[in-house]
Structure formats: structure tokens, C-alpha cells
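Throughout, a chain's letter reflects where its sequence line sits, starting with A, and its residues are numbered from 1.
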Amino acid sequence: MLNVLWVLLIGYAAGMVLPLYPRQLNTQSLTASICAIVATCAGIALGLLGLIAPEPVTLSIASTVPLLTFAIRLDPLAALFVFTISLVGLAAAIYAVGYVRHFQGRVSVAALGALFNGFLLSMTLVVLADNGLFFLMVWELMSLASYFLVVTEHEKADVRPAGFFYLVMTHVGTAFVVLTYLILFQSAGSFSFDAFRHPEQALPEGMRTLVFLAALIGFGTKAGIVPLHVWLPYAHPAAPSHVSALMSGVMIKTAIYALIRVYFDFLGGQFPWWWGFVVLLAGTLSAILGVMYALMEHDLKRLLAFHSVENIGIILLGIGAGMIFHTYGLNEFAALGLLAGLYHTINHAMFKALLFLGAGSLLYATHTRNMEEYGGLLRRMPWTGLFFLIGAVSISALPPTNGFVSEWLVFQTLFLSFQLPALFLKLMLPIAAALLALTGVLALACFAKAFGISFLALPRSAHARHAEEVPVAMRIGMGILALLCVGLGLAPMIVVPLLDRITAPLTGVSITDKVLALDGWAVAPGDVQFSSISPPMLAAMLILGGLLGLLLAFLFGGRLMTRSYKTWGCGINLSPRMEYTATGFVQPIKRVFSTIYQPTIKLETEFLQKSRYFAKQRKFEFHIEPVFEKYLYDPVIHIFMRIADRLRILQAGSLHLYLAYIFVTLVILLLFAV
Amino acid sequence: MSPIIQSLLLVTAQVIVLLTVSPFLVGLIRKVKARFQCRQGASVFQPYADIAKLFRKQPVISTTTSWIFPATPYILFASTLSAGLLVPTFISQTPLNFSGNIIALVYLLALGTFFLILAGLDAGSAFGGMGSSREAIVASLTEPAMILSIFAIALTAGSTNLSTIVHKTALLEGIATDPSPHLMALAALFIVALAETGRVPVDNPATHLELTMIHEAMVLEYSGRYLALIEWAAGLKLAVFLSLIANVFAPWGIATTLAPTAMGIGLLVYAVKIAGLAVLIGVLECMFAKLRLFRVTDLLGVAFILALLGLLFFYILRS
Amino acid sequence: MQISPHTGSQLVDLCSALLLLTCFAIVAQRRLSACVDLFALQSAFLVLTAAVVAFLTGNHHIYIAAALTGVIKVVIIPRVLKKVIERLNVKRELVMNVNVPAGLLICGALVMLAFFITQPIIPLGFLLTRDSLAIALAIVLIGFFTMIARQKAVTQLVGFLVMENGLFLGATAATYGMPLIVELGVFFDVLIAALIAGIYTNRLQDAFDNVDTNHLTVLKE
């Protein structure tokens with residue numbers, strides 16, 4: 001297994017260096033992609049081997065820096081994330097071969113390819129690291145690599161502030177992550193993860209709470225849980241689309257990995273009920289607000305970024321419910337919650353990456369991210385359209401795709417709350433389930449909008465009219481993920497036992513036999529009589545039902561030719577301006593949930609001079625209030641700006657003064673040393 | 001008879017029952033409404049003739065559409081029928097019980113809704129888009145209430161699988177065990193059913209006025225066999241919800257064994273129950289006017305609160 | 001005729017649940033006359049509850065209270081209110097201080113609150129049923145909320161009457177009814193209050209051509 005690991009490390013390392021040498025732009029990107037493909041294939045193998053290996057594999061290289069060892073440990077939890085990262089990485093690497101052409105001549109393709117490999121390597125090492133300092137190093141590398149990827153198109157004005165915002169937010173998060181590890185280090189006396197697990201003296205209760213909160217804030221910033229999500233809708237759209245796919249699909253998941261690692265592994269799963277409740281609350285809030293803000297977006301990539309917030313929320317709902325059950329010793333249900341969360345983690349990685357790649361294809365073909373300028377693309381880009389549709393169905397959790405199975409498992413976990421002893425939680429978990437249902441159906445509305453406005457009806461702009469299907473490499477990249485979306489939905493009997501290998505050590509019980517029934521053909525948490533679904537059976541029912549429809553149409557009607565005719569446009573020829581827009585589509589939702597959106601609508605009309613009844617032009621403006629930015633972030637930024645203003649006195653611009661500062665500091669330090 | 005063949009036969013029987021009964025329900029509601037408006041009204045069997053006629057007509061497809069448009073009727077028909085197979089009709093134990101519980105049913109119906117919304121947008125006319133947009137908001141408001149009311153029912157029976165719920169309650173006293181939570185969940189689910197099947201006061205299936213239609217606006221461009229399938233699927237959805245309400249809240253008389261007499265009685269009782277519910281819907285449609293779209297929130301808010309109260313009462317009574 | 005205590009308490013539960021349901025219907029209803037009808041329905045359920053309690057406990061004076069409720073709250077007060085509405089020509093409440101869905105959610109939270117507050121009392125065991133007291137408290141709270149949320153004087157009055165219904169339910173379910181003389185006093189108070197409020201609404205109409213109580217703010221000048 002170590003050989004595979006070396007292939008992975010060398011592959012990425014080569015990918016970080018080799019693309020910088022060739023002169024030919026095409027060769028540069030091809031080299032980067034080939035290196036990444038080799039490494040990710042190794043990663044997929046490594047992940048699978050790690051999932052079925054009986055014992056965790058470790059590798060440790062000592063360093064000269066005290067407390068730091070380059071320690072790597074591949075246990076099932078890490079293996080799952082290595083697998084997911086590599087799988088999405090593979091699709092993105094293949095996709096990049098075609099997609100990067102779009103950047104040639106504008107930005108350095110070589111640097112893009114090298115950073116892409118570096119980003120994948122750092123993510124893989126984050127989940128493999130077995131030493132706190134090493135983890136922090138690669139965590140920081142991951143943040144920096146993604147920052148440089150976000151600002152790839154730095155010549156665009158809106159990209160630079162997005163990148164800066166991301167850099168600031170991610171470092172605020174990192175500060176809390178460092179705090180988490182320092183507290184753990186204090187009791188363990190070493191940065192090795194093994195020492196974290198079995199500290200010399202147990203952490204006092206207050207410190208444990210601090211670890212919980214610091215980890216939630218620190219990793220939550222990376223994961224994008226509300227209200228720490230504000231950077232996502234800026235950074236993800238700014239990055240090149242195959243990088244957005246990685247960021248949204250897997251990078252934010254490393255935070256989920258780290259949360260599970262800290263709560264269940266380091267802290268041994270010993271926590272009061274309110275920890276789980278806080279996580280559940282954060283999950284519910286993220287899910288509902290994420291989808292609500294996504295609905296109002298007409299920039300396709302921003303829309304997808306907000307959906308990442310939503311799905312992180314769904315994952316946290318599963319994990320939070322699992323934590324609550326764990327507190328009360330209901331370990332089977334705890335395992336189910338974790339399993340549901342992890343299942344959704346892989347699924348979200350697949351469909352979100354697919355959707356971002358699809359959005360990239362639209363950007364590639366039309367050079368715009370604005371949905372109002374798309375339209376009619378399904379006829380022009382049939383493959384992209386099909387793959388995007390599969391992604392949209394998956395993210396809307398509709399059967400028989402993967403999103404449905406994992407969301408269903410989250411529902412079941414929440415429904416099992418009737419076994420809890422506390423009345424408060426018994427009521428809160430079903431309410432969370434109801435809000436999850438609202439989230440699910442709003443996601444459905446949102447993707448009906450995203451797909452319907454972008455791909456159906458008439459083209460709304462010249463860009464869309466002249467769109468062509470994207471190159472083969474990009475289609476293959478999307479196709480792999482689309483197949484996985486369907487496959488992961490139809491084959492829970494393969495996925496569940498693998499996930500069980502992760503949750504069993506964390507919760508102490510193996511639940512494969514309990515979750516799978518009828519030789520794996522049905523998923524039935526607890527008991528077939530309580531609840532069960534059989535995704536293969538549902539798929540079969542749907543196909544047979546469709547065939548029955550065809551048969552009935554043939555039996556009653558015989559073979560009839562259809563006639564084509566233009567849509568009736570109330571007597572005038574149909575034009576794109578008569579179609580429903582994305583803004584119009586969500587107007588009722590905006591109005592019903594106006595309490596949340598706080599919309600400001602401005603309509604100015606200039607009338608013709610001859611008559612008050614004919615408008616010369618109308619100006620319509622509509623904004624929704626960015627509540628968190630306005631009431632949470634702006635005041636904080638304001639305070640910092642004022643402090644910075646005061647501190648400006650120190651900055652005189654004189655070299656002598658700066659030397660004096662250093663001198664004084666040195667003297668003070670020497671005095672302390674005495 | 002081997003169990004597999006027996007299951008296959010039962011599934012076929014269920015498909016036939018659902019397909020035959022659904023146009024009848026639509027016809028019955030129309031008849032009741034006509035009589036209340038002092039009209040003779042068409043025969044209750046008129047919808048059968050309508051569907052048969054539509055199948056024989058040549059369909060017209062808009063030139064602006066993609067493959068989504070002709071595929072949607074089949075997907076809608078398949079998803080609604082699949083949902084129907086999860087609901088017990090005349091026997092309490094459906095053979096496909098294992099393949100999906102009540103949440104799967106909700107999501108199967110959502111699959112049909114998703115494609116119908118897409119089809120509404122596909123033809124490019126403003127009517128279709130308007131219908132789709134409205135359907136999206138109505139669906140969003142319905143779902144939470146539906147999930148909560150379902151959960152309140154599931155708690156009493158200790159199961160979320162429909163067959164198990166019905167079988168257990170049929171063998172016990174039915175809803176008499178916990179009247180108040182059940183009553184609230186029933187009221188909530190009934191409102192949800194009205195909204196989901198596009199009946200008054202949420203939507204009006206008889207209208208073609210652009211300001212008021214929701215479902216009709218989405219399917220405005222359909223004709224021929226596509227329209228036939230969509231109409232049939234709409235009837236099926238009604239049958240699914242009526243069967244759900246009838247059998248979950250009043251499972252009396254349903255066949256709990258596979259004995260021929262029990263099944264015969266079950267079939268008869270089932271027909272009476274859903275016909276009764278259809279008449280009730282017809283009467284309600286005559287009593288109430290359609291609500292404005294933005295007043296639908298009030299109604300569905302009531303459904304949500306009712307379901308929540310049902311849950312609360314269940315826990316309080318059992319604690 | 002004998003009814004088992006279990007069935008009896010379930011019957012009371014069911015009746016009080018119906019009372020609560022009508023409360024929510026009132027909160028969701030915008031039409032004034034329908035609000036009054038719903039209040040009459042709620043009072044009818046209250047009569048039923050009181051009668052069942054009277055039958056179960058054998059306290060015959062509750063029958064008298066029930067009959068009085070029937071006469072005053074199901075017949076007289078709704079009639080007076082209907083007259084007022086007819087004269088005022090106000091059909092529905094267009095603007096509310098809290099919109100209906102939000103109001104429903106708040107009322108749902110109020111019910112939960114009521115349940116949590118009364119939780120410690122249930123084990124004491126003197127209550128006839130588990131949740132009637134909680135429902136009574138919830139009805140009082142919702143009535144109070146209606147008075148805050150609505151702008152028209154008539155619906156505010158309905159809110160007040162709903163509160164009174166809640167109190168009566170609490171008194172019957174928790175303590176098997178107050179002494180008859182107290183009940184009689186309360187009934188006359190309510191009747192007089194309703195009549196006075198009816199007159200006051202009429203005066204409001206005369207003074208402002210409107211029954212919107214927001215206009216009362218003008219009086220301070």
C-alpha cells in the first residue's frame with residue numbers, strides 16, 4: 001500500500017514542477033493533467049485499500065523541527081476522504097484538458113496546472129496527516145493554494161477583492177484551528193494525534209467546551225456554515241470552474257473530516273447533549289438559509305456556491321443528530337447519523353463537482369455566468385445538458401439518484417428521535433426534519449429554475465444562440481461524475497458496508513446488518529418494518545412505469561406521428577423576451593419569504609410627454625438584504641478600520657524609525673531573557 | 001403459488017385498480033360539483049372517454065421545445081404510478097412495501113413535479129413559466145407540513161412504511177387509540193392533499209384563466225397522448241392521496257389476509273371510502289372560493305401548525 | 001351509563017383539542033364574520049367539554065354553567081357582534097400587525113410554551129386529563145396574542161372572548177368548575193364587556209369612520 005502512496009506523492013510533486021518547463025501551452029496543461037490523473041488514480045486505489053484494510057497504515061518521517069513529524073496515518077475515515085478527493089480530482093483533471101484552453105493567453109496555464117496539483121496534494125495530506133503541526137502546515141498550504149487558484153483571473157476587477165476576502169476569512173478560521181490544537185497539545189504534551197487521543201491528563205470540562213467551540217468556528221469557516229459562509233459565494237465563482245468543483249466538492253469537506261476527527265476521535269465521543277444540538281442548529285440554519293439565498297441568485301456559480309452551504313448543513317444535520325444520540329448512549333442511531341452525514345458528503349462531492357463542471361461548460365460556451373443570458377442550450381449542448389440535469393436531479397434529492405438515498409437516511413435519523421428521553425429534543429428533531437423537507441423542495445425549485453432557465457425554451461442572448469457543445473475531455477470529466485451520481489444512488493449495498501467501517505470504530509457498533517436488509521437490496525435502518533427503501537427497486541418501478549405509459553399510448557392510440565408547430569404567443573411570434581425570467585420565476589418565493597430576504601424594490605417610470613399612459617422607459621431595481629454582512633461583519637470591519645486608523649501614527653514611513661522599533665524590541669526581549 | 005408470482009399478481013392488481021379508479025374519481029368530483037350548481041353534469045365516466053379520445057388525437061409539439069417536453073408525461077406517469085404502488089389500496093400489505101416508505105412516496109411525487117415544472121418552462125410561453133413558478137412555491141409550502149403530519153402518524157404506528165402503518169392500525173382500533181393527535185394530523189394531511197392535487201382552494205382544475213391557473217398553466221402546451229398521460233397521472237395522484245388518507249385514518253374493512261373473500265370485501269370498502277372522500281372534496285369545492293396565491297400561505301401555515309400540534313399532543317399524551 | 005376513566009379523559013382531551021383548533025382557525029381567518037362564527041363554534045365545543053366534565057365528575061352545577069355558556073356565548077354575543085359588523089360594513093381585516101403565517105408560527109410556539117410550563121403540574125395528579133390545563137393556558141395566550149396582532153376592534157373583542165373561553169376551560173378541567181356564584185358573576189361581566197365593546201366600536205365608527213384602533217392614537221393630542 002505504501003507503494004501506491006509513493007505513486008500519489010510523486011505524481012502530485014511532478015505535477016507541481018513539470019508543467020512549468022514546456023514552452024507549448026497545450027503541453028503545459030496536458031502535463032499537469034496527466035500527472036494529476038496518475039496521482040488521483042493512485043489516490044482512488046489508496047482510498048479503497050484503506051477502506052478495506054484491517055489495520056490503519058502509518059508512515060512517519062522525523063524532522064529536525066521539535067514536535068513536528070511528517071506522520072501519515074491511513075485509517076478508514078481518512079481513506080474515505082482520500083477516495084473522494086481523488087475521484088473528484090480525476091474528473092476535474094480530465095475536464096481541465098479541455099477547459100484550460102479557455103484561459104490560454106490570458107493567464108499562466110503552467111502556474112494554473114502546477115497549483116492545481118499542489119492543491120490536490122495539500123488536500124490529500126490534510127486528511128492523511130497524523131501530527132498536529134504537520135496538519136496545520138498542510139492546512140495552510142491548502143488555503144494558500146486555493147487562494148492563488150481563486151485569483152487566477154486576477155486581471156478581473158471583481159476577482160481580487162473576492163480572493164482577499166477569502167484569504168482573510170480562511171485565516172480567521174485557521175486562528176481558531178490553531179487554538180483547538182494548542183489546547184489539545186497542552187493536555188497531550190505532544191502534537192501527535194495519538195497523544196491527542198490518549199492525553200496524559202484529561203482535559204477539564206471548560207477546556208473541552210472551548211475545543212468544541214474553537215473547532216466549530218475554525219473548521220466551520222472552511223466548511224461555510226452560516227454565519228461563517230460569507231466568503232463562499234465570492235471565492236467559489238471567482239475560481240476557474242474545475243477548481244470551483246474541487247473547492248466546493250471536496251475542500252470544504254476536509255472541514256467535515258476534521259470536525260469528526262476532533263469530536264469523535266480526539267475527544268472520544270464524550271460530550272454533553274447540547275454540543276450535538278448546536279451542530280444540529282448550525283446545520284438547520286445553514287441548510288435553510290443556504291438554499292434561500294441560492295434561489296435569489298442568477299449567477300450560476302454563485303447559486304451553486306450557496307448550495308454548498310445548504311448541503312454542508314444537511315451533512316451537519318446527520319452528524320449533529322448522531323452526536324445527540326451518542327450522548328444518550330443510543331450508539332446504533334449515532335452510527336446511523338454519522339453514516340448518513342458521510343454518505344451525503346461523498347454524494348455532495350459528486351453532484352456538486354458535476355454541477356460546477358457543468359457551469360464551467362456553460363461559461364466556456366457562452367462566456368457569461370448570468371443565467372438570464374442563457375436559454376435553449378439543451379438543443380445546442382445535449383451532453384452538457386444531460387449531465388447537468390443528472391446533477392440537478394441528484395442535488396434535489398430525487399429518486400433514484402444518490403442525493404435521495406443520503407437525504408432519506410438523514411430523515412430517518414431525525415425521525416428516530418422519538419427514542420430520545422428529553423421532550424425538548426423529541427420535538428426539535430422532527431422540526432429540523434420539517435425544515436429539511438422545506439430545504440429539499442426549495443432546492444428542487446432552485447434547480448428547476450437553474451436548469452429550466454438555462455437549458456430550455458428559446459436562447460435569451462446572442463451568446464446562447466451561438467453556443468456549441470464543449471470538447472470531449474470536458475464531457476468525459478462530467479460523464480464520470482454523472483455515472484457516479486446514479487451509481488452511488490443505486491448501490492447503497494456497496495457504500496453502506498464501507499462507511500460502516502468508518503463509523504464502527506467511532507461509535508463502537510457496527511450497523512451494516514441493521515441498515516441493509518434483504519441481501520442488501522433494501523436500506524432499512526433499524527428494521528424493515530419501521531422504514532425501508534430499495535433504490536434499485538424504485539429505479540425498476542420508474543422504468544417499468546414509463547414503459548407502461550408508452551405501451552398504453554400505443555395500445556389506445558396506435559402509431560401517431562407528432563406534428564411540430566410554434567408555441568402560441570397570444571397572436572404574436574414568440575420571442576425570448578416573452579419568456580419567464582429567472583427573476584420572475586422566484587418572485588413568489590421572494591414575496592412569501594420576504595421576512596428573510598428583506599428585499600428592497602425600486603421601480604422608476606419615465607412617461608412619454610404626450611400621454612401619461614405610455615411609459616418611455618422603466619427602471620427596476622431589486623436587492624435582497626445581505627443580513628449577515630450588514631449586521632455581523634460590517635460592524636467588526638468598522639472597528640478594525642478604526643483601530644487601524646489609530647495605529648497609523650506608528651507608520652511614519654521613516655526607515656530610521658522602523659529600525660528604532662526593532663532596536664527597542666530587541667532590548668526589551670534581552671531584558672526579559674535575563 | 002410461489003411468493004414471487006403472488007407478489008407480481010398483487011402488484012398487477014394494484015396497478016389495474018389505481019388506473020381504473022383514478023378517472024372515476026375525477027368524474028365523480030365533477031358530477032358532485034355540477035349537481036351542487038344545479039346542473040346535470042357529464043357522466044361520471046366521461047374522463048375515461050376523454051382520455052381515450054386524447055390518446056387517438058395527433059399530438060402537436062412546439063418547435064422551441066427539447067426532449068424534456070415529450071419525456072415529461074412518461075416520467076410523470078411513471079413516478080405517480082410508482083408512488084401509488086407504495087400505498088395500500090384494498091389489501092393492507094402491498095408486496096412492494098420494502099421498496100419505499102412514505103418519504104420515498106413524497107420524493108417520487110416530487111420527481112414528477114420537478115419534470116412538470118421543467119416542461120412548463122420548455123415551450124417558452126409565459127403561461128407555462130407562470131404555472132411552473134407558482135407550482136414551485138405551492139410545493140415548497142406543502143412539503144414541510146406533509147413531512148410533519150406523516151411523522152405524527154408514523155409515531156403512533158411505530159413505522160414509516162405505509163403498509164405497516166395501515167396493517168397495524170387495521171388490526172388495532174384504528175385512530176381511536178389516540179384521537180387528538182390523529183385528528184390534527186388528518187386535518188393537516190387533508191389540506192396538504194388538496195394543495196398537492198391542485199384542488200380548490202389552492203388551485204382550480206377547471207380554470208383556464210391565466211390569472212388563476214397553476215397546474216393547467218404548466219400543461220397548457222400539451223396535446224394528444226401526452227395530455228392523456230398527464231391527465232391520467234393527475235387522476236392517479238388524487239387516487240394516491242385519497243387512498244393514503246382513507247387507509248391510514250380509517251383502515252377498517254381493508255383486507256389483512258390474502259383470502260379471496262377478504263380481498264373482495266376490501267375492494268368494495270376501498271371503493272366506498274375513496275368515493276366518499278371524492279364527494280367530500282366536491283362539496284368543499286362548492287363551498288369555498290379559490291384563495292389568492294399569496295393567501296395560500298395562510299392555509300398551508302395552518303396545516304403545518306396542525307401537524308406540529310399533532311406531534312406535540314402525541315408526546316404529551318404518551319409521556 | 002358508565003364510561004371508563006381512560007375513555008372519559010380521552011373524550012375531554014379531544015374536546016379541548018377541538019377548542020384549540022378553532023383558536024388557530026381564528027388566527028388564520030381574515031373575514032370578521034367568519035371569526036365570529038368560529039368563536040361561536042369554539043364556545044359550542046366549550047359547552048360540550050363542560051358537559052362531559054360534568055357527566056364524568058358528577059358536579060351538576062357545571063351543567064348550569066355549560067347551559068349559560070351556550071346561551072350567552074353561542075347565541076347572544078355572536079349575534080350582537082354580527083349586528084355590529086353589519087352596521088359597520090367592515091368585511092375583513094386587510095392589514096395586520098403580524099401577518100398570518102408568522103402569527104400561526106408564534107401561536108404554535110405559544111402552545112409549546114404552555115405545555116412546557118404546565119409539565120410540572122401534571123404529575124401532581126389532581127387534573128382530570130393530562131393536557132387540558134396546558135390547552136387552556138395556550139388558548140388564553142393565543143387570545144391575548146390575537147388582541148395584539150389585529151387592528152380591528154371586533155377581532156380584538158373576539159380575542160378577548162377567546163381568552164375568557166380559555167379561562168373557563170382551565171377552571172372546568174383543573175378544578176372541576178368554580179363555585180356557581182363566581183361563574184354567574186363572570187358570565188355577566190363578559191356579557192356586559194361584550195355589549196360595552198359593541199357600543200364602543202359603534203362610537204369608534206362614528207368618530208373616525210373606521211374601526212381601526214390605530215386611530216385612537218390621535219386622541220392624545
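- Annotation: C:E86, atom CD; neighbour count of heavy atoms from other residues, nucleotides and ligands within 6.0 Å does not exceed 12.
- With a 6.0 Å radius and a threshold of 12 heavy atoms from other residues, nucleotides or ligands, C:Y63 has its OH atom above the threshold.
- Looking at B:L299, neither its backbone nor its side chain comes within 4.5 Å of chain C, counting heavy atoms on both sides.
- Two residues are said to be in side-chain contact when any heavy atoms from C-beta on lie closer than 4.5 Å; B:T297 and C:V100 fail this criterion.
- Across C:L105, C:L18, C:V27, the residue that shares the most heavy-atom pairs under 4.5 angstrom with chain B is C:L105.
- For C:L104, the parts lying near chain B are the backbone and the side chain together; criterion is any non-hydrogen pair under 4.5 Å.
- Atom CD1 of B:I305 and atom CD1 of C:I106 lie 10.0 Å apart (nearest 0.5 Å).
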*Could you check B:L308 against C:M112 for side-chain contact (heavy atoms from CB on, under 4.5 Å), going step by step and ending with a plain yes or no?*
CA-CA 10 Å; B:L308 191 65; C:M112 281 199 215; 3.6 Å; yes
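- Residues C:A28 and B:D298 come closest through the heavy atom pair O-OD2, 4.3 Å.
- Separating the CZ atom in B:F294 from the CG atom in C:N99 is a distance of 13.0 Å, to the nearest 0.5 Å.
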